[in-house]
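Sequence lines set the chain letters: A, B, ... in the order given, protein chains first and strands last, and positions in each chain run from 1.
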There are 2 protein chains.
Amino acid sequence: MVIVEEVVGLRLDRRINWLGFHLTKSWHAKIFMIFLNFIRTFTPERIIIAQNTRLTARLLNTYTSILKPKTMANDKDAFEVKAVNTTERLAKLRSLFQGGDYDITAYVIPSEDAHQSEYTASCDARRAFISGFTGSAGLAVVSTKDAALFTDGRYFLQASKQLDHNWTLMKQGLPDVPTWQEYLVQDLPKGSKIGIDPTLIMANDAKALKESLGKIGSSLVSIENNLVDLVWGDARPSRPCNPVIVLPLKYAGRSHTDKIAKLREELSKENYYGFVVSALDEIAWLFNLRGSDVQYNPVFFAYALITKNDIVLYIDENKLSDEIKDHLGSSIRFRPYYSVFEDLRNLQDKFKSDNQKLLISTRTSFALALAAGEENIETTRSPILDAKAIKNEVELEGIRKCHLRDAAAVINYFAWLEEQFAAGKKLSEIDGADRLEKFRAEQEDFVGLSFDTISASGPNGAIIHYKPEPETCAKIDPNLLYLCDSGGQYKNGTTDVTRTIHFGTPTAQEKRAFTRVLQGHIAIDRAIFPKGTTGYLLDVFARAPLWRDGLDFRHGTGHGVGCYLNVHEGPHGIGSRITFNEVPLQAGMTVTNEPGYYEDGKFGIRIETLVFVREVETPHNFDDRGFLGFEHITLVPIQTKLIDASLLDPIEHKWINDYNAECLQKVSPFLEQNSSGLRWLEREAAALK
Amino acid sequence: MVIVEEVVGLRLDRRINWLGFHLTKSWHAKIFMIFLNFIRTFTPERIIIAQNTRLTARLLNTYTSILKPKTMANDKDAFEVKAVNTTERLAKLRSLFQGGDYDITAYVIPSEDAHQSEYTASCDARRAFISGFTGSAGLAVVSTKDAALFTDGRYFLQASKQLDHNWTLMKQGLPDVPTWQEYLVQDLPKGSKIGIDPTLIMANDAKALKESLGKIGSSLVSIENNLVDLVWGDARPSRPCNPVIVLPLKYAGRSHTDKIAKLREELSKENYYGFVVSALDEIAWLFNLRGSDVQYNPVFFAYALITKNDIVLYIDENKLSDEIKDHLGSSIRFRPYYSVFEDLRNLQDKFKSDNQKLLISTRTSFALALAAGEENIETTRSPILDAKAIKNEVELEGIRKCHLRDAAAVINYFAWLEEQFAAGKKLSEIDGADRLEKFRAEQEDFVGLSFDTISASGPNGAIIHYKPEPETCAKIDPNLLYLCDSGGQYKNGTTDVTRTIHFGTPTAQEKRAFTRVLQGHIAIDRAIFPKGTTGYLLDVFARAPLWRDGLDFRHGTGHGVGCYLNVHEGPHGIGSRITFNEVPLQAGMTVTNEPGYYEDGKFGIRIETLVFVREVETPHNFDDRGFLGFEHITLVPIQTKLIDASLLDPIEHKWINDYNAECLQKVSPFLEQNSSGLRWLEREAAALK
């Protein structure tokens, strides 16, 4: 929470009583902004940001956009300005608002690609291009007058750094901040025509948006050519076309024919014509193929259509070797990537004459729904998403194995860091991340990283999805907390681990916060719950110890993780997102356990371990429901020197010693004899007294 | 969960493989029932119910209705049969299915009255009359062929005892058991005409039901004269008309004019014509009046209409003394109770011409919505419900006070029971309940009980809403667990307390289960959570310790309690009901903390304490949200001899000793010197080692 105390000598009280006015309405904010812009013209080199006054979220957004181009009094708290100048891009984009067959006053730019991917190829990073904000989640709305960027708590700090003065940052989740949909309805004039690329919005979202816009006379205009791509022009990278590889059965555990047969069973139950697979990781999983078109996600650009008699893979055939074609077999037809739209359009008459519906997932694009005809589709949570979430025994064993090697890499890295500091060396956050990648690359079956390493020293740890950049990143200060969130892709699994460590002596405040986070982590790890329980309900276990101190964290407690696939996967999760209440946790699911605490400008703490959902034996079995618990898979010690042992109860105390001992026992075979890594592990795994 | 091992020598395996058939379809159940009826004609005096085979819920329902008229081999586990013969009543009801202007094939009989009261006057106990089942929650559907009774886990055992062979018990919440709405759609023939008294169903429920029935060509027929009343005839009790009393400001804390003014503020915000108050406790609260028309609930039959300029109380004027009229003032008009329908019908034109809507609560009857015109109403959660839930400081202080006296009564009772057993006396459950009522009646400001005392020895404790009856109830066995759930109405508050105690030596199993329940109770009591958190989320804290042993309980963890009003009140609660996720807990709310565990045929455990939601100080205040916690108000010791101390962590250990010490400190002034009650309290409050 960014907080304002003094603006060029003008003191604001707690209720933003400014010159006697309570700034509670949006026009107050506008006047306030005019005033700030005015005084900025004359004096201020310095605008002080401090900790005891609070602005409403809307006011804060406005205010932040003015603050950014200036530096702050206190270097440590300063907003480093590294915003892209978007003035020209926005002007170009606005000049395209009148096209041959449309005339819009605003344009929506989601961050996803046509497959609703969270991470995108650089050619699809349209929202980053137009706004300058590079975080993984966010959406931009550019209207004739304004430009607004919507993102969540993970990215408040990063976005406020990266957006230039053209942009208003909309902090999702804070009170009084509209969602982007509410913004289109409430903040843009009634009767607006709002343009969008229909491949970049989900069909259901488009439908809901059309309805709420319709009520105020506004409308959603689907524009086939992406306007940001037109602005981008030749500078836009071309779509990747990397070769696809086969994931052998010894890693996948189930053949693609088996998976497709199972899917067809589901389809025939309700007599659907077929199912369009549009999520890239679902296509990779279904066919036991992997690719490298998107950084960190081993997927490739494709669509698939599975019907009773037909399997069509829409893919650039240049990606496919003969080996791949052999693996897939003769029952699979290949069609060019973009032909899916044409083929669906041609099927419209068939859907109608056969009175059959095409099943699409809730995450399929509006463009696909339009191609098939909105009246011919039925929407569901993807059956492939659900099937993929439950790992088979081969996958589970692979994931266990790669986590041992991954733990060895992380342990070697922490030991190396310690040695460097002991030798008086200075290292940047990027130096650290690069060295960690090298340690991972030494491991068997390593393919690449599963996401950008978050190597964050001190206050950078409070930027929840911080990514150190070579030119701007900080030195790792051994006297501050160091948060390292990283992961690898291995042929037998995907890892995602966060440890927060200290190379010197932590403060009492850091220890107390760390211990509260740890207690939440332990509560999740030890949870036992009946089948049918959702991650929505378990989430509070992770927060309860923090709540006791009046603390909390602004992200979910856990997400599913793919098996040599995307590091974020659904449909389940542990968190306060209400959709997590629709999916009970089931044996065989993976989920991360990653509570945290972030003190803006000071430090960030997160402890993240991958766990499996497993059946557990209980003394009784109420209602014959069956009970579930977790098995922890990540085995990197949790630093006991960061623990305030007086806060732990005996069960928690035993847990931390058991966990660290398990790390020592299981990971030491993967470390070299007499290596600094092994010595570090032995020391860190010693029992907390 | 009732479980079948052997039926007249015919063994059923775990999957109800009977004579080689897997009984999984509904027609299987029918064949099975015919078979059972057949063999019943010849032999069985005894049908054995035991613990290791399980029927599907639907089969179990069918089966239970056949079992009931027979006694079981084991007296302790036996279903005692005390069913009302409903054959004649049902025949009469069915004979009324063809009326002057209707022709129905089924009739729905809810348990609520026209005010959606949970507890009803005897004249409104239509569902109990027609079915014989007297529990507080349930709904009957009588069709030309079948009669089905729907109730929840609290009443499975009681209902299976009280329903005769005409009835099928539908156990709500078990898998594969339809809700009554689903039953009307799925189990009755398509095109059915289903009758209902529109005063007995909520407007929104009727609307939803009409829609889902419409889809299969069935319809809901509103019948003004209640058909069960016609069957009941002269035997039906007349509607009570007891005098109303004023609740002075020293108890109410806020004047009725103040409450009405606040309500009018809400109404004028959205320019509503007015609000119809139909819930009896809301009327009592709004006008600071109390009555005695419904047992245990200090309310009176009335409706109210609050508009900008008018206040109309629809009430039998015989209830009103001059004192009441003085209290209410001259601005209130009185109209006869039933005139509300006529008045609303007459207002329809005005609603239309003024283009104003009438606000009604979501719990208002379909009949009232029809009277006002469905197009003229807007439905909302009652603003009075929300206002009433947050107690003012005068109410909070009153509730605290009456709980001290109430605790003294309960303590005196437990001490007396112990003395009786020591003297070798035999006491029935009813003897106990009566003596407890006497102890309560000795207390200052006592008005009456707040619900039927649950005085339950051993296996009866597993019947969650057990009510001992003079002719049939058990003796209290000092060697079994004794569960006592009771409460009183006092002029300054309403109490609701459950303690489970043992007069001898509990078994290890009883202690372990009791300790798990206690740990859940402590987890709720100690919870600290940010503002905005709902009771839906806190519920898991109460269950987590039970889950660890594979246990659970089939009821909510807590409900709101009125202040000298109904013992159950909303809108909030702690439990898995999804509506509890719509209402954050707020400072000033009351809620019970009552986890339990029930071992069918053996014992029941529940520990229930009333708590206030209060602001708490935390070391930090994340996002300036403010944090809440609970203050326990019920102060009756929790028996340490029932605790397995090895399961407690040090914080829980300290909690129980602190709690019992607080009981001693605060309640001993209300006990006589040298009384057995004081001695009992002193002994029970001694620290657990």
Side-chain angles (χ1 to χ4, degrees), chain A residues 1 3 14 52-54 57 153 173-175 509 512-513 516 523 526-534 536-541 543-554 576 578 581 597-599 616-629 647-653, chain B residues 1 3 14 52 54 57 153 173-175 509 512-513 516 523 526-534 536-541 543-554 576 578 581 597-599 616-629 647-654:
Chain A
M1 172 74 46
I3 283 159
R14 287 189 80 82
N52 60 358
T53 312
R54 193 167 160 211
L174 293 195
Q509 189 204 5
R512 186 167 180 109
R516 289 309 192 194
R526 292 188 66 245
I528 289 175
F529 47 91
K531 286 183 184 174
T533 304
T534 65
Y536 182 79
L537 285 172
L538 296 186
D539 181 60
V540 292
F541 292 131
R543 296 179 201 272
L546 286 157
W547 286 351
R548 199 157 283 287
D549 275 2
L551 305 178
D552 204 343
F553 54 95
R554 285 193 205 89
S576 59
I578 194 71
N581 208 24
Y597 174 69
Y598 310 90
E599 183 89 22
V616 295
E617 284 292 317
T618 45
H620 304 269
N621 187 8
F622 189 79
D623 267 356
D624 284 348
R625 280 188 222 166
F627 282 76
L628 300 171
L647 292 174
L648 299 185
D649 70 34
I651 289 173
E652 291 165 336
H653 201 117
Chain B
M1 173 73 44
I3 284 159
R14 284 193 81 83
N52 60 357
R54 195 167 159 210
L174 294 195
Q509 188 203 7
R512 188 168 178 108
R516 289 309 192 194
R526 292 187 66 243
I528 288 175
F529 47 91
K531 285 182 185 175
T533 305
T534 66
Y536 182 80
L537 285 171
L538 296 187
D539 181 60
V540 292
F541 292 131
R543 296 179 200 273
L546 286 157
W547 287 349
R548 197 156 284 285
D549 274 2
L551 305 178
D552 204 344
F553 55 95
R554 286 193 204 90
S576 60
I578 194 71
N581 209 24
Y597 174 68
Y598 310 90
E599 184 88 20
V616 295
E617 284 292 317
T618 45
H620 304 268
N621 187 8
F622 189 79
D623 267 357
D624 285 348
R625 281 189 223 165
F627 281 76
L628 300 172
L647 292 173
L648 299 185
D649 71 32
I651 288 173
E652 292 164 336
H653 202 115
K654 181 174 184 316

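- Contacts of B/I651 with chain A are absent, with no heavy-atom separation under 4.5 Å from either backbone or side chain.
- In this structure, chain B has a heavy atom under 4.5 Å from the backbone of A/F553, while its side chain stays farther away.
- Rounding to the nearest 0.5 Å places OG1 of A/T618 at 11.0 Å from CG of B/D552.
- Only the backbone of A/A527 comes within less than 4.5 Å of a heavy atom in chain B; its side chain stays farther off.
- Between B/F541 and A/F541, the ring planes are perpendicular. Angles over 60° get that label, and only those under 30° would be called parallel.
- Here the CG-CG distance, from A/D623 to B/L551, works out to 11.0 Å after rounding to the nearest 0.5 Å.
- In this structure, chain B has a heavy atom under 4.5 Å from the side chain of A/I578, while its backbone stays farther away.
- Interface remark: A/R526 contributes backbone and side-chain atoms alike to the contact with chain B (heavy atom separation under 4.5 Å).
- Using a 4.5 Å heavy-atom threshold, the side chains of A/F529 and B/V540 count as separate.
- Once rounded to the nearest 0.5 Å, the distance linking CZ of B/R516 with NE2 of A/H620 reads 9.5 Å.
- With a 4.5 angstrom heavy-atom cutoff, A/T533 touches chain B only via side-chain atoms.
- Using a 4.5 Å cut-off between heavy atoms, B/D549 touches chain A through backbone and side chain atoms alike.
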- request: Go through the steps for B/L546 and A/F622 under the test side-chain contact (heavy atoms from CB on, under 4.5 Å), then give the verdict.
  value: CA-CA 10 Å; B/L546 286 157; A/F622 189 79; over 6 Å; no
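- Contact count versus chain A (heavy atoms, under 4.5 Å) is highest, among B/W547, B/Y536, B/Y597, B/F627, for B/W547.
- Using a 4.5 Å cut-off between heavy atoms, B/D539 does not touch chain A at all.
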